[in-house]
Amino acid sequence: MGNPAGVPRDFEALEKRRFHAIQMLERGLRQAEIARQLRVVPQTVARWVHDYRSGGKSALRKAGRAGRKPRLSEQQRQQLEKLLVAGPEQLGYETPLWTCPRVAHLIEQEFAVTYHEGHVWKILVGLGWSPQRPEGRARERNEEQILNWKKNVWPGLKKKRARKGASSSSSMKAD
């Protein structure tokens, strides 16, 4: 079943639970009872017992981080953040806006590591950056005129609700 999205696994607690299961087994409890008390399926307890009997306590130790190892080291991530803070203009871009394709290009150029543009946002979020979208408003925008148009002009242009006429013959019931 796993953890809900965004909730990291507690590897220490998982290891502790496996060792607790073995202690319960050594006290004479059946595997089904251990599974019930630890709220896991019996197959999981059976796997722990098998691992313990074939590999000892070391087989129950935590596995470490889950998933693929990051392609950028912690030092490279810190260096990337410094480059991002410097801004895209430093790298020759015309606008001061970091986009995922630009960040992917920067990573490839600086660290020779290729990331898909669509996955770069995960790196940015990991660095504490949040996705931003520029507001598409004109500089010449006149708030007073817009408010006046919304109050006075727009109501006259909106379609009026049609009056309900007589019902059609198809909606009448036959006697």
Do Trp154 and Ile146 sit in one hydrophobic cluster, given that two such residues count as connected whenever their side-chain heavy atoms are within less than 4.5 Å of each other, even indirectly?
no
List for me each residue that meets ring-ring contact (aromatic ring centres under 6.0 Å, His included) alongside Trp121, sequence neighbours excluded, and say none if there are none.
none
Measure from the side-chain N and O atoms of Arg18 to the backbone N and O of Leu60, and report whether any donor-acceptor pair falls under 3.5 Å.
yes
Which pair of non-hydrogen atoms, one from Glu117 and one from Cys100, has the smallest distance, and what is that distance?
O-CB, 3.2 Å
Minimum heavy-atom distance Gly118-His116, with the two atoms named
N-ND1, 2.8 Å
So which atom in His105 and which in Tyr93 form the shortest heavy-atom distance, rounded to 0.1 Å?
ND1-OH, 3.2 Å
For Arg17 and Thr44, does a side-chain donor sit closer than 3.5 Å to a side-chain acceptor?
no
Does a side-chain heavy-atom distance below 4.5 Å link Glu26 with Ile22?
yes
Can Tyr115 be reached from Leu91 by stepping across I, L, V, M, F, W or Y side chains whose heavy atoms are under 4.5 Å apart?
yes
Take atom CD of Glu143 as the centre, draw a 6.0 Å sphere, and report whether it contains more than 12 heavy atoms from other residues, nucleotides or ligands.
yes
Determine whether a donor-acceptor pair (N or O, by modelled atom type, separation under 3.5 Å) exists between the side chain of Gln90 and the backbone of Gly87.
no
Is any side-chain heavy atom of Ile34 closer than 4.5 Å to a side-chain heavy atom of Val49?
no
Going only through I, L, V, M, F, W and Y residues with side-chain contacts under 4.5 Å, is there a path from Leu14 to Val45?
no
Would you compute the distance between atom CG of Leu124 and atom CD of Glu81 and round it to the nearest 0.5 angstrom?
9.5 Å
Looking at CG of Asn152 and CG of Leu157, how far apart are the two atoms once the value is rounded to the nearest 0.5 Å?
11.0 Å
Hey, are Gln37 and Glu33 close enough side-chain-wise for a donor-acceptor pair under 3.5 Å?
yes
Between Leu83 and Val125, is there a shared hydrophobic cluster once you connect ILVMFWY residues whose side-chain heavy atoms come closer than 4.5 Å?
no
Is there a donor-acceptor pair closer than 3.5 Å between any side-chain N or O of Arg102 and the backbone N or O of Leu97?
yes
Side-chain contact test, heavy atoms from C-beta onward, threshold under 4.5 Å: evaluate it for Phe11 versus Arg61 and give yes or no.
no
Got a sec: does the CZ of Arg27 have more than 12 other heavy atoms crowding it under 6.0 Å?
yes
Please tell me whether Leu127 and Val85 are part of a single hydrophobic cluster in this structure, the criterion being side-chain heavy atoms less than 4.5 Å apart.
yes
Heavy-atom side-chain proximity of Pro96 to Glu89 below 4.5 angstrom
yes
Using a cut-off of 6.0 Å, state whether more than 12 heavy atoms not belonging to Gln75 lie near its atom CD.
no
Straight-line distance of Thr114 OG1 to Arg71 CZ, nearest 0.5 Å
7.5 Å
Decide yes or no for Trp48 and Leu25: does some side-chain heavy atom of the first lie under 4.5 Å from some side-chain heavy atom of the second?
no
Would you say Trp98 and Val120 make side-chain contact, with heavy atoms under 4.5 Å?
no
Flag the pair Leu80 / Phe111 as yes when at least one side-chain heavy-atom distance between them is below 4.5 Å, and no otherwise.
yes
Please report the closest heavy-atom contact between Leu38 and His20, naming both atoms and the distance.
CD2-CD2, 3.5 Å
Under 3.5 Å: donor-acceptor pair, side chain of Arg77, backbone of Leu72
no
Spatial distance of atom CZ (Arg47) from atom CD (Gln31) [nearest 0.5 Å]
12.0 Å
